Every structure is written in structure tokens, then in C-alpha cells.
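In what follows, a structure is listed as C-alpha cells, so that the remarks can point back to it.
In this text, all values refer to a predicted model and were calculated from it rather than measured experimentally.
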Amino acid sequence: MMDEAAQPNALENERAAPSKAGSTQPTREKESASTPSLSRGEITRQRILEAAEAVFGELGYYEASISEITRRAGVAQGTFYIYFRTKREIFVELVKDLGRRLREASAAATAGLTNRLETERQGFIAFFRFAAAHRSVYRIVEEAERVAPEAAQEYYQSISRGYARGLRAAMEAGQIRSMDPETLAYALMGIGHFLALRWIVWPQLTSAPESAAASEASAARAAAHQSQPESEQSAEQVLPPQVFATLMDFITHGLAPTSPSAEPGSEARTLEPQP
């Protein structure tokens, strides 16, 4: 899902790119502490965004408050207004930030790859890791569709633009069959979206006979996910192995180049009466 073509543009790179709070707060603090190029003000801004992600993710936009964000960030309310004017402004910036970080994660995972199927594999792995570390992104982006629809639309469009560029390049190189790149990009994004929703975001849904075994397997995957560095986690530690295997089998066969004899209309041409 996505690829190196989805990297943020130069303007985006000029802005700070903080990550998620709540369950991943230590990760972001580690990033801030290990990034000497960030100024003290940028680190404070990151901390506020981190807290905002936790608050919006847990409480939702309408129940969240600036006072709760600043309390969790450990800053005075006056400090908040140095960086953001309103609750809506920080919410919109958070949506942009999450989209930017997702694209950066995908770009890093697929950098240097030339085989499109391997690019898809590594891109989807990066996406599922991101979704597992940022479960609140689903609630935040969903609420953005009502609170700030322009931000929600840009969140998806910024992903699809780079994705479509990479798919188009693979089509031109003959690695995958020719289709409309934008349509294909959104179709693949939709697949990733709902697989993550079903197996990462939603509570574990099981039937009564398999609930105990499924719960045990889910707990084992969660423990493995927490105990290993993100760079060493496999997709199977985020999704059930059969789910990821089915996904890649579908993508492999769906994107495979078609032979000239299998192109649309070829069968009809062979059935035409000969003169």
C-alpha cells in the first residue's frame, strides 16, 4: 500500500511531524529526544499534538477540551495558544500530521524497491503497523469528515496521489497490468482500510466455539507486537497470518500482467467469422 512516490513534498518536510500519544506516548517522546534538529518550541508543539491525539482519540472532538490537552501535555493553556488558536485548528493539524506520518512510514518501508508486488507487500505491512500503533486515527479521521471535511478529504487524497503515481510507473514498466491508476489506488486503500478496521481497530469478533482460541491468539499477537521494536514486527504479528496471506494472494493475481490473448475483447475477436 503506497510506496516511495508517496513521500511528502518539500513544503510538508518543513513542518514538524509529530506522532501519536496515549498508548504510544513513550515512542513519540523518544523521537523528540533523539531529534536534535528540532528546536525547543518544535518539541513543545509536538508534545501538544501528541496529547491532542490521545484526547481526541479517547473522547472524540466534541468532548475533548483544550484544558485536557494542555493537562496531558504538561503545558500551560497560554502555551497552547502560542501554537494553535482554537481546538478546531489543532484538530485539523492533527489530521494532516497523521496523514504525513503514514506516508513517511510507507515511503521508508518501500524505499529502493523496484518490484511492484514487493512494494505492495512492504507498503501494506507498514500501513498495518501504523494502524496498530495509531488505532485512534480511525475515529479522528471519521470525525474530521463532519468537523473539517476538507482535512479528511486531503488526508485520503494526499495518500492516493503518491500511490497512483507509483502504480502508473509500474504499469508503464510492464510489472502490473494496465488499469486506471487512481481507481486502483483507492481500491487498494479501501482494502487496507477495512482489513485494519476488522482485525486491528474493532474488538475481537468471534463466534462462541472459537472465542477462547481466538482470544488467546489475539493476546499472543498483541504481546509480540508490544515486545518487539516496530522495525522487527511482521505483518503476521499485527494481522492473523491467513488474513495477510489472503490479501497478498488477491493482490498478486489481481495486479498480474495479462497476456495479449487475455486482453478485453480478444475472445470476441477470435469468435468473429473469418472472411
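- Across all their heavy atoms, Arg135 and Ala132 have their closest contact at NH1-O, 2.6 Å.
- Nearest approach of Ile48 to Val75, heavy atoms of both residues: CG1-CG2, 4.1 Å.
- Other residues, nucleotides and ligands contribute only 12 or fewer heavy atoms inside 6.0 Å of the CZ atom of Arg85.
- Using a 4.5 Å heavy-atom threshold, the side chains of His134 and Glu53 count as touching.
- With respect to the salt-bridge test (charged N to carboxylate O, under 4.0 angstrom), the residues Arg101 and Glu50 do not qualify.
- Closest of all the heavy-atom pairs between Gln175 and Pro257 is O-CG, 3.3 Å.
- The shortest distance between side-chain heavy atoms of Gln122 and Leu113 falls below 4.5 Å.
- For residues 73-122, the ring-ring contact (aromatic ring centres under 6.0 Å, His included) pairs, not counting sequence neighbours, are Phe56-Phe91, Tyr61-Phe91, Phe80-Phe84.
- If you take CG on Leu117 and CD1 on Ile176, they are separated by 8.0 Å, rounding to the nearest 0.5 Å.
- Comment: Arg100 engages Glu93 in a salt bridge, judged by a side-chain N to carboxylate O separation of less than 4.0 angstrom.
- Using a 4.5 Å heavy-atom cutoff, the side chains of Trp199 and Pro240 are in contact.
- Nearest approach of Thr70 to Ala76, heavy atoms of both residues: CG2-O, 4.1 Å.
- A donor-acceptor pair is defined here as one N or O able to donate and one able to accept, closer than 3.5 Å; such a pair exists between the side chain of Thr44 and the backbone of Arg40.
- Sorted by first then second residue, the side chain to side chain donor-acceptor pair (under 3.5 Å) pairs that include residues 242-255, not counting sequence neighbours, are Asp249-His253.
- Residues Glu68 and Lys87 are not paired through a salt bridge, judged by the lack of any N-O separation under 4.0 Å between the basic side chain and the carboxylate.
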* When you look at Glu118 and Thr110, which way does the side-chain contact (heavy atoms from CB on, under 4.5 Å) test go after all the steps? -> CA-CA 8 Å; Glu118 183 60 20; Thr110 58; over 6 Å; no

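- Applying the ring-ring contact (aromatic ring centres under 6.0 Å, His included) rule to pairs touching residues 135-156 yields Tyr138-His193, sequence neighbours excluded.
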* Report the C-alpha separation of Leu184 and Leu255 in whole Å, then their side-chain angles, then the decisive distance to 0.1 Å, and conclude whether the side-chain contact (heavy atoms from CB on, under 4.5 Å) test is met. => CA-CA 10 Å; Leu184 182 58; Leu255 298 185; 3.7 Å; yes

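- The side-chain heavy atoms of Glu89 and Thr86, taken from C-beta on, include a pair separated by under 4.5 Å.
- Here the side chain of Arg103 pairs no donor or acceptor atom with the backbone of Ile159 at under 3.5 angstrom.
- Nearest heavy atoms, Val92 versus Ala151: CG1-CB, 4.0 Å.
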* **Trace of the side-chain contact (heavy atoms from CB on, under 4.5 Å) decision for Phe244 with Val238** => CA-CA 9 Å; Phe244 191 77; Val238 180; over 6 Å; no

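- Side-chain contact check for Glu150 versus Glu154: every heavy-atom pair is 4.5 Å or farther apart.
- Contact annotation: the side chain of Leu167 approaches that of Leu188 to within less than 4.5 Å [non-hydrogen atoms, C-beta and beyond].
- The main-chain N or O of Met171 is never found under 3.5 Å from a side-chain atom of Arg177 such that the two would form a donor-acceptor pair.
- Between Arg72 and Glu58 there is a salt bridge, since a side-chain N of the basic residue sits under 4.0 Å from a carboxylate O of the acidic one.
- Nearest heavy-atom pair, Ala109 versus Ala126, reported as atom, atom and distance to 0.1 Å: CB-CB, 3.6 Å.
- Residues Ile251 and Phe124 are in side-chain contact: their nearest non-hydrogen atoms beyond the backbone lie under 4.5 Å apart.
- Distance check: Ile191 CD1 to Leu247 CG gives 6.5 Å after rounding to the nearest 0.5 Å.
- Contact of the Leu98 side chain with the Leu94 side chain is registered, since non-hydrogen atoms from C-beta on lie closer than 4.5 Å.
- A salt bridge links Glu120 with Arg116: the closest approach of a Lys/Arg side-chain nitrogen to an acidic carboxylate oxygen falls below 4.0 angstrom.
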